[in-house]
There are 2 protein chains.
Amino acid sequence: MARAALSAGAVVDVALRLVDEEGAAALTLAAVASRAGVATPSLYKHVRNLAELRALMSVQIMDDLAERIGAAVLGRSADEAIRALMTTWREYVVEHPHRYSALVQAPEPMVARAGQRLVDIMLAALRAYGMDDTEAIHATRCLRAAMHGFAVLQAENAFQRPEKLDETYDLLIHMVVTGLRTPLRRT
Amino acid sequence: MARAALSAGAVVDVALRLVDEEGAAALTLAAVASRAGVATPSLYKHVRNLAELRALMSVQIMDDLAERIGAAVLGRSADEAIRALMTTWREYVVEHPHRYSALVQAPEPMVARAGQRLVDIMLAALRAYGMDDTEAIHATRCLRAAMHGFAVLQAENAFQRPEKLDETYDLLIHMVVTGLRTPLRRT
DNA sequence: CGGCTGCGGCTAATGCTATTAGCCTCTGAG
DNA sequence: CTCAGAGGCTAATAGCATTAGCCGCAGCCG
């Protein structure tokens, strides 16, 4: 091994801090390199290119989220689990709105795998409702769509009215829980 | 007036067609100019810069969406109105997935106004549930979050499993309608 | 009918971006 | 002590948005 110096993980850390502080649009290799105290091309020794850096950041974010949510859901019952899951998710977005904006749903297997981890946690939380596998998949997708949509819109500041976002989110949680409890009549 | 030639609207049209055919990532002034049969800097005679072009595209998209949805909702009852609204929204995304990915929620007043038009239609559709204004705002936000989240995830191809997306969407509609019907207990 | 004004095109130039090539140095293993 | 390679560097390239400045033609005014 050569000098201590940088590593892929360190670059991702620097990039995440940059995004947290200056917004997703400020993510540029030059800016990351500058923060890392290194010349721009040096980053290529640790990361294949900007796209890969983005993917690695997304993986890191999803892993953070999965860890938090996993802990929050642990040992909770069905409805309470969903509530905890959704609350924790939103807390993360409120804490790091820029970071959430930087999330990318690339077709990279790396990112897909990290996403799968999140989905698995959701699936586990839904098991308690006594759904079969197919139903659980559909329910997970809805849960994900609702949370992700809310998160994206909030991170983009798309909710302009003065009404409290917390109350809106309470309603969203209510909608999800009620929708899961009330069976869908079969056609 | 000089020659017939281009106009801001025409540039937006060309850009939308480009995005439809080649994806949101292909949106570049050079590509738009080439399609319009004009040199790149000429676009600046019609559009202030790339950001404005993006905003104008978003406005156009939201207007399209508002028109369709407005027509779909017209003369329908509460639940049926919501179902029609959500179905129509998704049809648009399926028809133009790249276009939806190109949607930007800029803080530009122009875009905000177009978004407001969409929100107003949703609000109107929710009136039938006998909510007061505040409740209706919260409900609209939830509706929007659910639809937008689903749309974004679908446009980004984030749903990988073989289960039919149509069925998932049916469940989402069900969740929303049920959630709106079941009153939220007051704390 | 003739000249002027400005719209809408153009070319050239700038500065930022990611990315590649090729060099050099210091580290740590043998 | 040697030497290979990890990890830094500078220099160079190509594509991007954007700006400056020029030029021709259309239509209006006299």
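Convention: sequence-line order gives letters A, B, ...; per-chain numbering from 1. Atom set for the values below is all heavy atoms of this structure, side chains included, hydrogens, waters and symmetry mates excluded.
Between the Ser58(A) side chain and the Val104(A) main chain, a donor and an acceptor come within less than 3.5 Å of each other.
Base contact: Ser42(B) has a heavy atom under 4.0 Å from a base atom.
Between the P atom of dT18(D) and the CD atom of Glu52(B) lies a distance of 10 Å, rounded to the nearest Å. Across the protein-nucleic acid pair, Leu43(A) atom CG and dC9(D) atom P stand 9 Å apart, rounded to whole Å. Rounded to an integer number of Å, the gap from CG of Leu27(A) to C1' of dC16(C) is 15 Å. In this structure, Tyr44(A) atom OH and dA11(D) atom P are separated by 18 Å, rounded to whole Å. One atom, CG of Leu53(A), and another, P of dT17(C), lie 15 Å apart when rounded to the nearest Å. Computed from coordinates, the Asn49(B) CG to dT14(C) P distance equals 22 Å when rounded to whole Å.
Here the nucleotide nearest the side chain of Ala30(A), chosen from dT17(C), dA21(C), dG9(C), is dT17(C). Comparing dT19(D), dA18(C), dG9(C) by their nearest atom to the side chain of Leu29(A) picks out dA18(C). Of the candidates dC16(D), dT11(C), dT19(C), the closest approach to any side-chain atom of Pro41(B) belongs to dT11(C).
Between Phe159(B) and Gln154(B), the shortest heavy-atom distance links the atoms CE1-N, 3.9 Å.
The residue from Asn49(B), Leu53(B), Val32(B) that alone fulfils the side chain to side chain contact (heavy atoms under 4.5 Å, CB included) condition with Leu43(B) is Val32(B).
Annotation: proximity of residues 32-39 of chain A to DNA chain D (heavy atom, distance under 4.0 Å) is found for Val38(A), Ala39(A), numbered in ascending order.
For dC7(C), the OP1/OP2 oxygens have no side-chain nitrogen or oxygen of His46(B) closer than 4.0 Å. Residue Thr40(A) places no side-chain N or O under 4.0 Å from the OP1 or OP2 atom of dA18(C).
In this structure, His96(B) has its ring center closer than 6.0 angstrom to the ring center of Tyr92(B).
Surrounding CZ of Arg127(A) are more than 12 heavy atoms belonging to other residues, nucleotides or ligands, all under 6.0 Å away. Open room surrounds CD on Glu67(B); 12 or fewer heavy atoms of other groups in view lie less than 6.0 Å from it.
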- Task: Quick one: do Tyr169(A) and Phe150(A) satisfy ring-ring contact (aromatic ring centres under 6.0 Å, His included)? Show the steps, please.
- Result: CA-CA 8 Å; Tyr169(A) 204 65; Phe150(A) 195 93; 4.8 Å; yes
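Ranked by how close their nearest DNA chain C nucleotide is to the 5' end, Lys45(A) and Leu50(A) are led by Leu50(A).
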